[in-house]
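The structure appears below as structure tokens.
Keep in mind that this is a model prediction, so the values were computed, not measured. Numbers restart at 1 for each chain; the letters A, B, ... are given by sequence-line order, proteins then strands.
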Amino acid sequence: MSSDRRKPYPFDLFEPRWQAYWAANETFRVRNPGEPGFDASRPKYYVLDMFPYPSGAGLHVGHPEGYTATDIIGRYKRMNGYNVLHPMGWDSFGLPAEQYAIKTGQHPEITTAQNIASFKTQLNKIGFAYDWSREIATSSPDYYRWTQWIFLKLYNAWFNPESNRAEPISTYTGEKPDSVRLAYVSEAPVNWCPELGTVLANEEVIDGKSEVGGFPVERRPMRQWMLRITAYGHRLIDELDGLDWPESIKLLQRNWIGRSEGASVDFRLAPETGLERTITVFTTRPDTLYGATYMVLAPEHRLVDEIVTEEQWPAVRDYREKTARKSDLERTELSKEKSGVFTGAYAINPVNGERVPVWIADYVLLGYGTGAIMAVPAHDSRDLEFAQKFDLPIRVVVLAPGQDEAGSIGFCGDGTATGSALIDALPTPEAKRTLIDWLEANGHGKRSINFKLRDWLFSRQRYWGEPFPILWENGQHRPLPEGELPLTPPPLSDFKPTGTPEPPLSKAPEWVRYSESATRELNTMPQWAGSCWYYLRYCDPRNANRFVSKEAEAYWMGGGKPGGVDLYVGGTEHAVLHLLYARFWHKVLYDLGELTTPEPFQRLVNQGIILGEDGQKMSKSRGNVVNPDDVIAQYGADAFRLYEMFMGPLEQMKPWSMTGVEGVSRFLARVWRLVLEENQAGEWVLGPVSAEVEPDKAQLRVIHASIKKVSEDIEGLCFNTAIAQMMVYVNAFTAKTPRPLCALRTLLVLLNPFAPHITRELWERLDQHFPGGPQGEIEDQPWPSFDPALLVEDEVEIVIQINGKTRDKQVVPLQADRAAIEALALENERVKEAIAGKSVKKVIVVPGKLVNIVAV
RNA sequence: GCCGGGGUGGCGAAAUUGGCAGACGCGCCAGACUUAGGAUCUGGUUCCGCAAGGAGUAGGGGUUCAAGUCCCCUCCCCGGCACCA
């Protein structure tokens, strides 16, 4: 006997055949408005996956989970008469691709091309209905030419606070346009990762380590390109409201942007300092101003140098040096114990003219607010801790509900103002308002909104990314002329990071030198640049004149309110990275009149991660990684797809199970044998199928209930229950022969989005035996509709409860009214038995469902 | 610490407005067909109990004729943020 197991149905023969057929016929190609073959009568549906970065590890079973979900939706919408845009491409610039190239000692251009090829082969083996004519790669010059073009748009724009939107820099009338550009150069301290040899954005640093590789990150001042995402803080928060996104993701973005409302307050320095300066602080609690008994500056704050007194200099210098040596990680880890030093200077509290000492302490961060605080120890736990340690006064100015002064220490909620002349006895919200009004009227401060979000550090000291279309001359930057795009990187053989902040592009002096007096910018853009707008390029991927044509953008991204991609599926890991950056770019382009919608992704769904069979996260070191290729070789692509969807709810984390794959594979084999049977020679021939036989009443009910359930479940992305319903369908037809042809055809159409190969094969076989059936290919069949009348049964089984406990069940006519059901129930033998000797207090009848008899 | 999302059989999970808890699948048990079965088909399978019956959706309380579902408290798991003034 041969040792290799017989396949339950010959998927290995027909799956590759249909895949080749779809590719050769461009079955899933979709046309743009104006192109021949475009059908304007159909509505559009844009369904998008987060495109993968083609790593060397290849596809794992997590990728196709979301991809299968969108594939089902795309095929389903297509059968429902939509023009479906369902593209795929490659996020091929950036750190992961470059790290892989360095590891294998090959040029990233080569490894990237190889990885893309193998990813594509893998995806095609799963039978996805992509329009491959729209394939894009962020590292191809045709693509990044427009990434660079968009960067120049940002460079040549500013955010006008009057109009609350981006405008061309030409509308700026101030002195220093370079200080307002959306893309600008900054010298601020940045996250430098020596191991990766590049700086990183805040969003790419997790617990003081790089998101890629987990290497230590340190702060150091460097000249870098920044994008002014903070200008969009309001809109990035406010416009989340209209999006159909998981609340959890919206919340992550809200928290990350971190909007707080309050006031900025100016404290003048005390007269003896001889300085006409103010310290401005941000506070969310202006009502506690009377309780401000000291101030704290961040150790790095610029004012420190000016205000510190002679005798405090040594202590201050010492403290600053210690702080500077700490990494961000240490600074937060050692946060338990408060530390700080008095500067020797005093400031004047504007509400009561009191002199308050000014300290420096590392619990105040330079990067948030103004880098200075007014400390209210009675109502802020950090200030309290600090005040107790350094014996600073603690003054209660807010009474907690039902508490006296002593009991209000440490209280930070809403209460009643006390010991605060201007606002005494006012409840907190009113006290805030009143005090801000007073500050504004007297020129001591103003209403203010502060964001945690910081500008986006946009340059990297790496090779494998988009070069900046920027030239330097006499220390001044200017844009590269648009006609010189794309700006391709020099073909370096040694592209490795230099180990210093000097970018590797500096290794190509001829490339760097632009003219006698001008040189090129040496930094490259981060990986996120390409993914910020790829969904736009899919709309018109070969356009050589624009990043996307107006018509294509209006068609695929427009329509509906607020429009955009109709369904976007991907992991949560991009919540505050890609999903925030892309919204930002999109809004800028929208403001500049390049786009028709303010938001890119109308509906977002996160697929849950797939764990290994052991319930642990899949990883090479655990040896629990499942490779799609292996599963497909053994069970076929349809079984693989179906299992991915049958595992459980799309958004949930769930473990892989090979026996589960076997289960859905058995189901598909039952579908196969519903239509075909094996003859003596081992060939699959038509089984007991009849065109004459009609489904019986019960079968009709299953057919129509299934059409309803499968349709609703696909719309709701509940694929697991849709599949369960199709299993019920198959079970209802296996026992009885001959099988009605029409029922089988309907089943194949319902199942087609999930298992496109087997349904296509069986559809063809039925066509051969029963010519003259429905016209066209199964992929183009109209989605079936159900007849509600056929769902209704003549009789229903109702439950008979006594005191809420089920005692019996009884079949009654559907039309039976309350009285009839009650009468029937009281006649019931079991009921009579149970209520003997008791009195019936109440009878609740829910027609079609149950009777509950309350008896005591 | 704060903010989210969860906790239902041996396992993955189902369960409109509160209305038969456990659909569907895995696994397991029994049987049929077979030279054979890791194929296929049929039946069973929440727990305790021979049974009648009882218990049961993390735990405790409440509302209700009726609670997985609504309200209050507690515990546990997962994710995020974390000196954000």
From the list [options], which nucleotide is the closest neighbour of the side chain of [X]?
{"X": "Asn720(A)", "options": "A14(B), C26(B), C20(B)", "answer": "A14(B)"}
{"X": "Met727(A)", "options": "C26(B), A85(B), G25(B)", "answer": "G25(B)"}
{"X": "Asn731(A)", "options": "A85(B), G25(B), C20(B)", "answer": "G25(B)"}
{"X": "Thr806(A)", "options": "G4(B), A21(B), A13(B)", "answer": "A21(B)"}
{"X": "Trp256(A)", "options": "G4(B), C81(B), C24(B)", "answer": "C81(B)"}
{"X": "Lys452(A)", "options": "A13(B), C20(B), C81(B)", "answer": "C81(B)"}
{"X": "Lys654(A)", "options": "A21(B), A13(B), C24(B)", "answer": "A13(B)"}
{"X": "Arg666(A)", "options": "G27(B), C65(B), U17(B)", "answer": "G27(B)"}
{"X": "Thr721(A)", "options": "A14(B), U40(B), C24(B)", "answer": "A14(B)"}
{"X": "Leu251(A)", "options": "C83(B), G19(B), G4(B)", "answer": "G4(B)"}

Considering every strand and a 4.0 Å limit on heavy-atom distances, what is the contact class for [X]: base, sugar-phosphate, or nothing?
{"X": "Pro246(A)", "answer": "nothing"}
{"X": "Gly369(A)", "answer": "nothing"}
{"X": "Val728(A)", "answer": "sugar-phosphate"}
{"X": "Asn255(A)", "answer": "nothing"}
{"X": "Gln801(A)", "answer": "base"}
{"X": "Ser260(A)", "answer": "sugar-phosphate"}
{"X": "Arg670(A)", "answer": "sugar-phosphate"}
{"X": "Ser657(A)", "answer": "nothing"}

Taking [atom1] from [X] and [atom2] from [N], how many angstroms apart are they, rounded to a whole number?
{"X": "Lys805(A)", "N": "A66(B)", "atom1": "NZ", "atom2": "P", "value": "11 Å"}
{"X": "Glu662(A)", "N": "C11(B)", "atom1": "CD", "atom2": "C1'", "value": "15 Å"}
{"X": "Met653(A)", "N": "G6(B)", "atom1": "CE", "atom2": "C1'", "value": "11 Å"}
{"X": "Gln253(A)", "N": "G80(B)", "atom1": "CD", "atom2": "P", "value": "16 Å"}
{"X": "Ile844(A)", "N": "A66(B)", "atom1": "CD1", "atom2": "P", "value": "8 Å"}
{"X": "Glu651(A)", "N": "G6(B)", "atom1": "CD", "atom2": "C1'", "value": "13 Å"}
{"X": "Arg673(A)", "N": "A39(B)", "atom1": "CZ", "atom2": "P", "value": "11 Å"}
{"X": "Asp362(A)", "N": "A85(B)", "atom1": "CG", "atom2": "P", "value": "18 Å"}

Checklist entry - Taking the side chain as C-beta and beyond, is there a heavy-atom pair between Asn191(A) and Leu457(A) under 4.5 Å? => result no
Checklist entry - Can you find a heavy atom in the side chain of Met374(A) that is under 4.5 Å from one in the side chain of Thr288(A)? => result yes
Rounded to whole angstrom, note down the [atom1] distance from [N] over to [M].
{"N": "A82(B)", "M": "G18(B)", "atom1": "P", "answer": "40 Å"}
{"N": "G12(B)", "M": "G7(B)", "atom1": "P", "answer": "12 Å"}
{"N": "G27(B)", "M": "G38(B)", "atom1": "P", "answer": "13 Å"}
{"N": "A67(B)", "M": "G61(B)", "atom1": "C1'", "answer": "14 Å"}
{"N": "C72(B)", "M": "A85(B)", "atom1": "P", "answer": "28 Å"}
{"N": "U46(B)", "M": "G10(B)", "atom1": "C1'", "answer": "10 Å"}
{"N": "A32(B)", "M": "C24(B)", "atom1": "P", "answer": "25 Å"}
{"N": "G49(B)", "M": "C3(B)", "atom1": "P", "answer": "45 Å"}

State whether [X] places a side-chain N or O below 4.0 Å from either non-bridging phosphate oxygen (OP1 or OP2) of [N].
{"X": "Arg807(A)", "N": "G53(B)", "answer": "no"}
{"X": "Lys842(A)", "N": "C65(B)", "answer": "yes"}
{"X": "Gln652(A)", "N": "A13(B)", "answer": "yes"}

Checklist entry - Taking the six-membered ring where the residue is Trp, are the ring centres of Phe646(A) and Phe667(A) under 6.0 Å apart? => result no
Checklist entry - Considering heavy-atom distances to RNA chain B, does Thr734(A) or Gly371(A) have its closest nucleotide positioned more toward the 5' end? => result Thr734(A)
Item to check | Of Val576(A) and Gly660(A), the one whose closest RNA chain B nucleotide lies more 5' | outcome: Gly660(A)
Checklist entry - So Tyr9(A) and Phe11(A), would you call those rings parallel, tilted or perpendicular, with 30° and 60° as cut-offs? => result perpendicular
Checklist entry - Which class fits the ring pair Phe386(A) and Trp359(A): parallel under 30°, tilted 30 to 60°, perpendicular over 60°? => result perpendicular
Item to check | Donor-acceptor pair present, Lys338(A) side chain and C83(B) base, under 3.5 Å | outcome: yes
Checklist entry - Would you call G22(B) syn or anti, using the 90° rule around 0? => result anti
Would you check if there is a donor-acceptor pair between the side chains of [Y] and [X] at a distance under 3.5 Å?
{"X": "Asn450(A)", "Y": "Ser260(A)", "value": "no"}
{"X": "Thr721(A)", "Y": "Asp713(A)", "value": "yes"}
{"X": "Asp383(A)", "Y": "Tyr363(A)", "value": "yes"}

Checklist entry - What's the shortest heavy-atom distance between Gly262(A) and Ile436(A), and which atoms? => result O-CD1, 4.0 Å
Item to check | Val205(A) versus Leu200(A), closest heavy-atom pair with distance | outcome: CG2-CB, 4.1 Å
Item to check | Duplex segments of RNA chain B, taken as runs of at least three Watson-Crick or G-U pairs that stay under 3.5 Å | outcome: B:1-7 with B:75-81, B:10-12 with B:24-26, B:27-32 with B:40-45, B:46-48 with B:53-55, B:58-62 with B:70-74
Next on the checklist: If we check side chain to side chain donor-acceptor pair (under 3.5 Å) with Tyr635(A), which of these qualifies: Arg666(A), Glu662(A), Lys7(A)?
Outcome noted: Glu662(A)
